[in-house]
Amino acid sequence: MHRGKGMRFVGDSRISADRKPNIPKDYSEYPGKTEAFWPNFLLKEWMVGAVFLVGFLCLTVAHPSPLERIADPTDTGYAPLPDWYFMFLYQLLKYSYASGPYNLIGALIIPGLAFGALMLAPFLDRGPERRPTKRVFAVGFMLLAFAGIFYLTWETVSTHDWAAAKLQGQIIDDSAIDKDSDGYKIYQDQGCISCHGDSLQGGAGPGLLGTELEVDQISEIAVNGTESGKMPGVFKGSEEELKTLAEFIKGSNAGDGEQTSTTTE
């Protein structure tokens, strides 16, 4: 090829004399094995993502997220529960080797080793094989991790008291409790609020809303405690104050009676 043949000089630049249109590369010689990232592959990814997004939005409309009452830092009896994707870590912290003085092991070291192994997976499994039967270590570690997460999550779900969790998180209509009444003031002065909550919703002690106990029974428990010993006798006021307190608790039936079994313990 002679120097300058087929070339046009434009200033100090050289461009081809034959302009070719900008046509994407033809991948037809590799059917089903490769394709152009833009727009073929990326368009498929967007379409799949859009389907999942629409499905997720439909679920949120059909099943709104449950709301609980406003957080109460004085409620020492509240049992929190994390979202489902953290339940396995929540269960892990219940075991003796991962809680208490070993909390650091359960909270950082064990999860750190697991996620560190996940990050090293591309470097540990560098073979050309893609069939699961030919990738023994990679598939084995994946199944082991899946089994561990499934077991810990199942243990949390099966041992959690869902009925009590539903009661402790229910939203209470504060307007049903007359906090300006003499009964509520006695309820506050006698320290009942520290165990049974500022709206009788319960806390360290059982909820008092919707109780089926009679006024005399409430008075007896307030003075002498319960037979099981879970609640001691704490009332130290006069007979008139005791009656006012019992009538206040009996009259504050804003609940639906679901907590009756707890109030009689």
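This one's a predicted model, so the numbers in the text were calculated from it and none came from an experiment.
Shown here is E129, whose CD atom has more than 12 heavy atoms of other residues, nucleotides or ligands within 6.0 Å. Other residues, nucleotides and ligands contribute over 12 non-hydrogen atoms within 6.0 Å of the CH2 atom of W162.
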List the steps, then state whether side-chain contact (heavy atoms from CB on, under 4.5 Å) holds for D125 with R135. CA-CA 8 Å; D125 183 34; R135 304 173 64 189; 2.3 Å; yes
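Taking both residues in full, the closest heavy atoms of L81 and Y90 are given as CD1-CE2, 3.8 Å, listed atom of the first, atom of the second, then distance. Heavy atoms only, all atoms of each residue included: S219 and A246 are closest at OG-CB, 3.3 Å. The minimum heavy-atom distance linking T156 with M87 is given by the pair OG1-O, 3.3 Å. The two residues L242 and A222 make their nearest non-hydrogen contact at CD1-CB, 4.0 Å. Annotation for N103 and A98: closest pair OD1-O, 3.6 Å, computed over non-hydrogen atoms. Considering every non-hydrogen atom in both K94 and T159, the closest pair reads NZ-OG1, 4.1 Å.
Note that CZ of F41 and CD of E45 are 4.0 Å apart. Values are rounded to the nearest 0.5 Å. Atom CE of residue M47 and atom CG of residue L42 lie 12.0 Å apart, to the nearest 0.5 angstrom. Distance check: L92 CG to L152 CG gives 6.0 Å after rounding to the nearest 0.5 Å. Rounding to the nearest 0.5 Å gives a distance of 10.5 Å between CG of L245 and OG of S238. Rounded to the nearest 0.5 angstrom, L144 CG and F137 CZ are separated by 13.0 Å. One distance of note links CG of L108 with CG of L113; it measures 10.5 Å at 0.5 Å rounding.
Linking ILVMFWY residues whenever their side-chain heavy atoms come closer than 4.5 Å, directly or via other members, places W84 and Y151 in the same cluster. Hydrophobic clustering, with ILVMFWY side chains joined whenever heavy atoms are under 4.5 angstrom apart, keeps W154 apart from L143. Hydrophobic clustering, with ILVMFWY side chains joined whenever heavy atoms are under 4.5 angstrom apart, keeps V139 apart from V136. Side-chain heavy atoms closer than 4.5 Å link hydrophobic residues (I, L, V, M, F, W, Y) into clusters, and following such links, possibly through other members, connects Y102 to I110. The cluster map of Ile, Leu, Val, Met, Phe, Trp and Tyr, joined by side-chain heavy atoms under 4.5 Å apart, puts L89 and I105 in the same cluster.
Using a 30° and 60° split on the angle between ring planes, Y97 and Y95 fall in the parallel class, below 30°. Aromatic ring orientation, F248 versus Y187: tilted (interplanar angle from 30° to 60°).
At a threshold of 4.5 Å between non-hydrogen side-chain atoms, the residues P64 and T60 do not count as touching.
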